[in-house]
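Here's the structure we're looking at; comments come further down.
Position 1 is the first residue of the sequence; numbering continues from there. Side chains included, hydrogens not; waters and symmetry mates left out as well; all remaining heavy atoms used.
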Amino acid sequence: MDKIRAMITGIQGYVPEYRLTNKELETLVETNDEWITSRTGIKERRILKGENQGTSVLGAEAVKGLLEKTNTDPLDVDLIICATVTPDMPFPATANIIADKVGAKNSYSFDISAACSGFLYALQMGSQFIQTGSHKKVIVIGADKMSSIIDYKDRTTCILFGDGAGAVMLEPTTEELGVMDAILKSDGSGAPYLHMKAGGSRKPATHQTVEAREHFAYQEGSTVFKFAVTNMADVSAEVMERNNLSGDDVAWLVPHQANKRIIDATANRMGVGPEKVMMNIENYGNTTAGTIPLCLWDYESQLKKGDNLILAAFGGGFTWGSVYLKWGYDPK
């Protein structure tokens with residue numbers, strides 16, 4: 001019997017209209033366009049504005065576009081997995097809300113919280129549901145409204161993050177395509193370097209936590225940078241070695257878009273030239289779980305059936321991982 005794999009049969013992204021430029025950030029904190037661009041590669045990031053607008057808005061728009069693009073009836077969707085660290089609310093899951101918004105009434109749905117590695121975690125999990133033969137149409141979403149947890153008085157973090165979402169359709173195939181291999185890791189001892197201090201069960205919201213500005217993302221940049229470069233590169237090299245791939249065999253490196261210097265350092269350590277590295281950080285900043293599917297969406301027209309892609313990410317917690325993916329279709 002032929003082995004079943006999970007193949008991406010469609011990709012769609014969504015970003016809000018509002019552009020928060022480096023020039024505008026100069027009016028909020030002590031920084032400037034040259035400093036931000038030279039250190040991060042970011043020129044602007046998208047921000048979701050308006051009352052009662054949560055991450056589900058971003059995810060639902062991406063899924064609606066995906067369903068239309070793949071000509072899929074929402075009632076045929078079996079499962080929706082949403083990777084996010086900015087859920088609409090602690091419960092229900094943002095995936096549940098998205099399923100309702102798009103009319104996927106026959107699917108069940110749940111969230112995954114793995115910060116910037118969330119999409120890779122969710123992709124591997126969705127792939128396994130397909131491989132068992134129990135599911136035929138699985139939607140995997142990476143979505144975050146980072147502006148909801150960013151302190152725009154903290155110049156070390158507010159320059160980095162934006163809002164956005166991407167979604168993929170996974171379907172079974174017996175061809176040598178789709179998710180071929182994955183290595184996913186985590187290390188909870190990294191929590192002090194990248195976390196949100198309050199708002200959880202350990203430190204619920206109080207007047208004091210709000211006044212102390214503890215409901216925003218905290219990052220110790222230099223430590224995170226070192227861990228990200230080392231671990232993203234090591235795990236990507238490991239998945240390549242495990243599958244007998246050299247830099248020449250890789251059509252595209254699809255790295256998490258945290259910082260251009262991290263992306264460049266990871267590509268150099270992997271022996272992949274800059275012409276093979278997907279990068280859109282200039283336009284969106286770091287959208288956390290949204291970065292990798294947004295890259296695939298932006299580069300979809302350049303992807304060819306059978307292309308070897310290495311997806312790599314590193315996130316708070318710490319979490320990190322790499323997925324070896326063979327692209328499933330030619331550009332339309």
Q: Start with the C-alpha distance between Lys49 and Glu17, add both sets of side-chain angles, then the distance that settles salt bridge (charged side-chain N to carboxylate O under 4.0 Å, His left out), and finish with yes or no.
A: CA-CA 9 Å; Lys49 297 276 194 176; Glu17 290 183 14; over 6 Å; no
Q: Would you indicate whether Glu238, at its atom CD, is surrounded by more than 12 heavy atoms from other residues, nucleotides or ligands within a distance under 6.0 Å?
A: yes
Q | Interatomic distance, Leu170 atom CG to Thr9 atom OG1 [nearest 0.5 angstrom] | A | 7.5 Å
Q: Mark yes when over 12 heavy atoms from residues, nucleotides or ligands other than Lys260 sit less than 6.0 Å from its NZ; otherwise mark no.
A: no
Q) Taking NZ, NE, NH1 and NH2 as the nitrogens, is one of them in Asp151 or Arg213 under 4.0 Å from a carboxylate oxygen of the other? A) yes
Q: Quick one: closest heavy-atom pair of Val224 and Tyr193, and the distance?
A: CG2-O, 3.6 Å
Q) Taking the side chain from Thr86 and the backbone from Met146, do they hold a donor-acceptor pair closer than 3.5 Å? A) no
Q: Find the distance between NZ (Lys69) and NZ (Lys332) and round it off to the nearest 0.5 Å.
A: 7.5 Å
(Q) Tell me whether Arg45 is salt-bridged to Asp163, with the criterion being a basic N under 4.0 Å from an acidic carboxylate O. (A) no
Q) CE of Met232 to CD1 of Ile262: how many Å apart, nearest 0.5 Å? A) 7.5 Å
Q. So, Asp248 and Ser246: side-chain donor and acceptor under 3.5 Å apart, yes or no?
A. no
Q: Just jot down the side-chain hydrogen bond (donor to acceptor under 3.5 Å, both in side chains) partners of Ser113, sequence neighbours excluded, or say none.
A: none
Q. Would you say Met196 has more than 12 foreign heavy atoms packed within less than 6.0 Å of its CE?
A. yes
Q. Can you list the residues that meet the ring pair (Phe, Tyr, Trp, His ring centres under 6.0 Å) rule with His215, with sequence neighbours excluded?
A. none
Q. Run the salt bridge (charged side-chain N to carboxylate O under 4.0 Å, His left out) check on Asp88 and Lys145 step by step: do they pass?
A. CA-CA 9 Å; Asp88 282 27; Lys145 184 187 176 183; over 6 Å; no
**Q.** Separation of Leu20 CG from Ile47 CD1 (nearest 0.5 Å)
**A.** 5.0 Å
Q: Indicate the atoms forming the closest heavy-atom contact of Pro204 with Thr209, along with that distance.
A: O-CG2, 3.9 Å
Q: Ignoring hydrogens and angles, state whether a donor on the side chain of Asp144 or Thr84 is under 3.5 Å from an acceptor on the partner side chain.
A: yes
